[in-house]
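Reviewing the structure listed below.
Keep in mind the model is a prediction, meaning the values are calculated, not measured. A, B, ... follow the sequence lines: proteins, then strands. Residue 1 opens every chain.
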2 protein chains.
Amino acid sequence: MPETHGTARPPRLYTTTEVARLFRVDPKTVTRWVRTGQLRALRTPGGHARILADDVDAALAGLTQPPPARGG
Amino acid sequence: MPETHGTARPPRLYTTTEVARLFRVDPKTVTRWVRTGQLRALRTPGGHARILADDVDAALAGLTQPPPARGG
DNA sequence: ATGGAATCGGGTAATTGGGGTT
DNA sequence: GCTGTCCCAATTACCCGATTCC
């Protein structure tokens with residue numbers, strides 16, 4: 001059944017400005033990331049982006065290529 | 001002929017506040033979407049908007065990037 | 001009937017997106 | 001190729017008070 005929501009938890013969303021602050025870049029840059037598909041987002045009917053928080057948090061956590069643990 | 005009574009289920013409805021939370025926008029913005037026809041809604045006798053959940057869910061599902069396939 | 005929360009409507013500031021450039 | 005900045009138009013956010021919802 002195509003029940004996208006109603007029983008499902010709504011996705012956490014960030015605004016472009018929030019993401020920009022988190023990454024310490026210009027909001028414009030975040031917009032580019034969305035346009036180039038480097039960040040998943042949905043659009044308001046007005047055309048403004050809402051970025052999936054999970055994607056952002058994952059990137060911030062550095063989940064890409066975890067550095068090798070170094071022994072003491 | 002399409003039956004409009006008896007077997008028809010009532011449409012799932014969202015309040016403006018619910019839609020606002022889902023999209024991370026101001027409830028006022030949702031009202032604007034309804035007034036500009038970007039979102040279908042019906043009105044309570046008192047004039048409050050009730051948005052069709054299907055429209056919202058569809059818009060909410062419009063991600064810019066499909067979820068990355070896992071297992072590779 | 002009462003009360004708290006939500007919605008509406010108008011007006012104004014802030015944010016956002018797009019194009020072009022550095 | 002990636003990012004930051006300027007200009008401009010559109011979209012969105014916040015202020016107020018009155019009405020509606022439950």
- Contact under 4.0 Å: B:Thr16 side-chain N or O vs C:dA6 OP1/OP2: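 So the side-chain polar atoms of B:Thr16 never come under 4.0 Å of the phosphate oxygens OP1 or OP2 of C:dA6.
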
- Between B:Arg35 and C:dG10, does any side-chain N or O lie under 4.0 Å from OP1 or OP2?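 B:Arg35 to C:dG10 OP1/OP2: side-chain N or O found under 4.0 Å.
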
Let me know the distance between [atom1] of [X] and [atom2] of [N], rounded to the nearest Å.
X: A:His48; N: D:dA13; atom1: NE2; atom2: P; result: 8 Å
X: A:Leu39; N: D:dC2; atom1: CG; atom2: P; result: 14 Å
X: A:Arg43; N: D:dA10; atom1: CZ; atom2: P; result: 17 Å
X: B:Glu18; N: D:dC22; atom1: CD; atom2: C1'; result: 14 Å
X: B:Arg50; N: C:dA6; atom1: CZ; atom2: P; result: 12 Å

- Message: So if I apply the side-chain contact (heavy atoms from CB on, under 4.5 Å) rule between B:Val19 and each of B:Ile51, B:Val34, B:Asp55, which one comes out positive?
- Response: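 Going through the options one by one, the only one that passes is B:Ile51.
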
- Query: Within the side chain of B:Thr29, is there an N or O that forms a donor-acceptor pair under 3.5 Å with the backbone of B:Val25?
  - Reply: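 Side chain of B:Thr29 to backbone of B:Val25, a donor-acceptor pair under 3.5 Å: no, none is there.
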
- Query: For the side chain of A:Arg50 and the backbone of B:Arg24, is there at least one donor-acceptor N/O pair under 3.5 Å apart?
  - Reply: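 Checked: pair present.
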
- Item | Pair A:Arg12 + A:Asp57, salt bridge at N-O below 4.0 Å |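 Between A:Asp57 and A:Arg12 there is a salt bridge, with a charged N closer than 4.0 Å to a carboxylate O.
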
- Message: Holding to side chain to side chain donor-acceptor pair (under 3.5 Å), I want the full list of residues that pass it with A:Arg43, two or more places apart in sequence or in another chain.
- Response: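 Applying side chain to side chain donor-acceptor pair (under 3.5 Å) to A:Arg43 gives none.
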
- Item | DNA chain C contacts among residues 24-33 of chain A, heavy-atom distance under 4.0 Å |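 Correct list: A:Lys28, A:Thr31, A:Arg32.
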
- With sequence neighbours excluded, give me every ring-ring contact (aromatic ring centres under 6.0 Å, His included) pair touching residues 43-62 of chain A.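 Every pair satisfying ring-ring contact (aromatic ring centres under 6.0 Å, His included) with a residue in residues 43-62 of chain A: there are none.
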
